[in-house]
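FYI, side chains are in, hydrogens and waters are out, and symmetry mates aren't considered; it's all heavy atoms of this structure. For ligands, and for the atoms within them, numbers begin at 1 and follow the listed sequence. Since the structure is predicted, the reported quantities are computational estimates derived from the model, not experimental observations. We number each residue from 1, following the sequence as shown.
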Amino acid sequence: MAENNLMEKIVSLCKRRGFIYPGSEIYGGLKGTWDYGPLGAELKFNIKQEWWKTMVREREDVVGASASILMNPKVWEASGHTAGFTDPLIECRICHERVRADQEDVIKEHEKIHKGKADWTEAKKFNLLVEAKIGVVEGEKNSVYLRGEITQGVHVNFKNILNSSRLKIPFGVAQIGKAFRNEITPGNFTYRSIEFEQMELQYYVKPEEKESMRQYEFWKNMRLDWYKSLGIKTENLRLREHKKDELAHYAKAAWDIEYNAPFGWKECEGLHHRGDWDLSRHQEFSGQDMSYFDEETKEKYIPWVIETSGGVDRAALFFLIDAYEEEKDRIILKLSPKIAPYKVAVFPLLANKPQLVEVAGKIYNDLRKDFVTAWDDRGNIGKRYYSQDEIGTPFCITVDFDSLEKRDVTVRHRDTTKQERVKIDELKSFLEEKLK
Ligand code: GAP
């Protein structure tokens with residue numbers, strides 16, 4: 001399948017089936033914003049839930065947090081974002097379109113419009129922070145920033161978290177939430193948006209080279225394995241180290257988990273060794289002590305930070321792309337059952353047979369208590385199967401005339417299309433086992 005063609009198909013499927021729509025579409029949209037529909041909302045919820053399970057619930061050394069989007073503007077001075085959170089911007093003198101100077105593909109695409117003769121200005125630094133105004137008195141409103149990364153909400157609460165828990169270094173604080181960036185060239189569907197969600201871990205370690213690198217290696221591999229465990233093909237993932245001139249202002253070292261997207265190898269998650277940048281800067285700018293006291297060794301120090309920072313929207317997009325397959329007469333989203341929007345669909349074989357509808361309806365209502373379940377009684381069974389394949393539903397249950405006698409149903413598997421009979425009373429345990 002041609003690569004562009006694949007993106008067109010994904011975008012179209014997302015709109016048609018209710019995964020993702022252009023933001024505020026009825027008003028002509030807003031560039032770089034996207035709205036998630038019923039299936040997209042479930043997909044994103046499942047991704048976040050899996051992340052939280054692996055990163056927080058299953059670990060003794062990680063706790064969660066949920067900080068405000070709006071923060072005192074001094075936070076962004078301290079974090080270095082007001083000065084250093086910039087992308088190089090160039091402007092076409094012919095049509096005044098602005099693009100990022102480091103995005104060769106976008107530049108080439110633009111130059112085609114002017115038959116290869118675009119006339120660019122010198123690159124200048126463009127700050128990505130999005131400003132907002134708060135306050136109730138016109139003329140006295142205060143400027144604040146919508147957070148450019150969710151990270152700082154955790155670091156400013158380092159002492160609060162430490163003092164209200166019994167955590168000992170090394171430990172981590174995990175958070176999921178929205179971030180905002182004035183991207184110069186949003187694009188590639190949801191890949192680069194101006195509003196997006198991040199899922200991050202800030203892991204505090206002793207300020208020692210060897211120990212911090214050991215932890216860094218651990219988290220790099222752990223995060224790569226997480227994507228694989230949710231079904232992304234190994235050959236479509238890689239780790240790439242940032243060159244010195246690519247490093248963000250806060251990073252001592254950085255690696256990206258990249259995905260082999262139809263538009264090239266692209267960053268899915270950033271893994272950063274942030275050293276003592278954040279806590280030292282907050283100590284300096286707030287005047288508050290941000291150090292950690294080790295009861296055992298009696299040492300006092302500013303911990304170093306290993307960060308894992310993934311995008312929920314990018315993960316959702318890459319899971320969708322990776323799962324997309326076409327067979328002779330059907331489209332299938334081979335999503336891991338763990339993140340598939342619906343876990344199961346229930347059909348009465350014929351919609352005009354009340355006995356079938358009644359039994360199927362009872363199964364549907366029972367299963368809905370434990371699994372996100374779809375109902376479909378339109379058209380023929382083959383079409384209903386295909387319709388569920390296209391949205392990634394791993395199992396379809398059909399109630400037929402035999403079901404009335406034998407109290408069993410047909411369960412059809414998405415990937416193999418194989419069918420088996422399962423007792424109605426055993427459906428719940430059957431699904432629990434398959435969805436583990
Ligand atoms: N706290 C570190 C940090 O924010 P980053 O590499 O700038 O690091 C982390 O961003 C992740 O956030 C990226 O790997 C990506 O998944 C997501 N992300 C960043 N900018 C984005 C954008 N404009 N649209 C969608 N996702 C974005």
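The environment of K220 atom NZ is dense: over 12 non-hydrogen atoms of other residues, nucleotides or ligands sit within 6.0 angstrom.
Scanning all protein heavy atoms for the shortest distance to atom 9 (C) of ligand 1 gives S309 OG, 3.0 Å. Among protein heavy atoms, atom 17 (C) of ligand 1 sits closest to G311 CA, 3.8 Å. When hydrogens are left out, the protein atom nearest atom 14 (O) of ligand 1 is E267 OE2, 2.6 Å; that is the closest non-hydrogen contact. From the protein, the heavy atom lying nearest to atom 8 (O) of ligand 1 is H272 CE1, 3.3 Å. Regarding atom 12 (O) of ligand 1, its nearest protein heavy-atom neighbour is Q198 NE2, 3.1 Å. If you check which protein heavy atom lies closest to atom 15 (C) of ligand 1, you get R314 NH1, 3.4 Å. The closest protein non-hydrogen atom to atom 25 (C) of ligand 1 is Y191 O, 3.2 Å. The protein heavy atom nearest to atom 18 (N) of ligand 1 is F196 CE1, 3.5 Å.
Contacts with ligand 1 closer than 4.0 Å are made by no heavy atom of F180, backbone or side chain. Of all the heavy atoms of R147, none lies under 4.0 Å from any atom of ligand 1, so neither backbone nor side chain is involved. Looking at C268 against ligand 1, only its backbone comes within 4.0 Å, counting heavy atoms.
Atom CD1 of I176 sits about 9.5 Å away from atom OG of S66, to the nearest 0.5 Å.
Looking at T151 next to ligand 1, an N or O pair under 3.5 Å apart turns up. Here's the thing with G310: none of its N/O atoms is less than 3.5 angstrom from an N/O atom of ligand 1.
For the pair R181 and F196, the cation-pi test (distance below 6.0 Å, angle within 45°) is failed.
Side chain to side chain, Q152 and H81 fail the donor-acceptor criterion of an N or O pair below 3.5 Å. Judged by distance alone, the side chains of E200 and T151 do bring a donor and an acceptor atom under 3.5 Å apart. Judged purely by distance below 3.5 Å, without hydrogens or angles, the side chains of Y191 and D313 never pair a donor atom with an acceptor atom. With 3.5 Å as the limit, one finds no donor-acceptor pair spanning the side chains of H272 and S309. With hydrogens and angles left out, the side-chain atoms of E97 and H110 include no donor and acceptor closer than 3.5 Å. For the residue pair W52/Q175, the side-chain donor-acceptor check at 3.5 Å is not satisfied.
Every residue two or more places apart in sequence or in another chain was checked for a salt bridge (Lys or Arg N to Asp or Glu O under 4.0 Å) with D225, and none qualifies.
Those atoms of ligand 1 that come under 4.0 Å of a heavy atom in R274, given as number and element, are 1 (N), 2 (C). Counting atoms of ligand 1 from 1 in the listed order, those under 4.0 Å from a heavy atom of E200 are 1 (N), 2 (C), 3 (C), 4 (O). Counting atoms of ligand 1 from 1 in the listed order, those under 4.0 Å from a heavy atom of Y250 are 2 (C), 3 (C), 8 (O). For ligand 1, the atoms closer than 4.0 angstrom to any heavy atom of G270 are 14 (O). Interface atoms of ligand 1 facing E307, defined by a heavy-atom separation under 4.0 Å, are 1 (N), 2 (C).
By heavy-atom distance, the residue among S193, A251, G148 lying nearest atom 23 (N) of ligand 1 is S193. Closest to atom 5 (P) of ligand 1 by heavy atom, among R181, E149, E269, is R181.
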What pairs of donor and acceptor atoms, side-chain ones from residues 21-35 against any protein atom, are under 3.5 angstrom apart with sequence neighbours left out?
unit_1: E25; atom_1: OE2; unit_2: K15; atom_2: NZ; d: 3.2
unit_1: T33; atom_1: OG1; unit_2: L30; atom_2: O; d: 2.7
unit_1: W34; atom_1: NE1; unit_2: F189; atom_2: O; d: 3.3
unit_1: D35; atom_1: OD2; unit_2: S24; atom_2: N; d: 3.3

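At distances below 3.5 Å, not a single donor-acceptor pair connects side-chain atoms of Y259 with backbone N or O atoms of R238.
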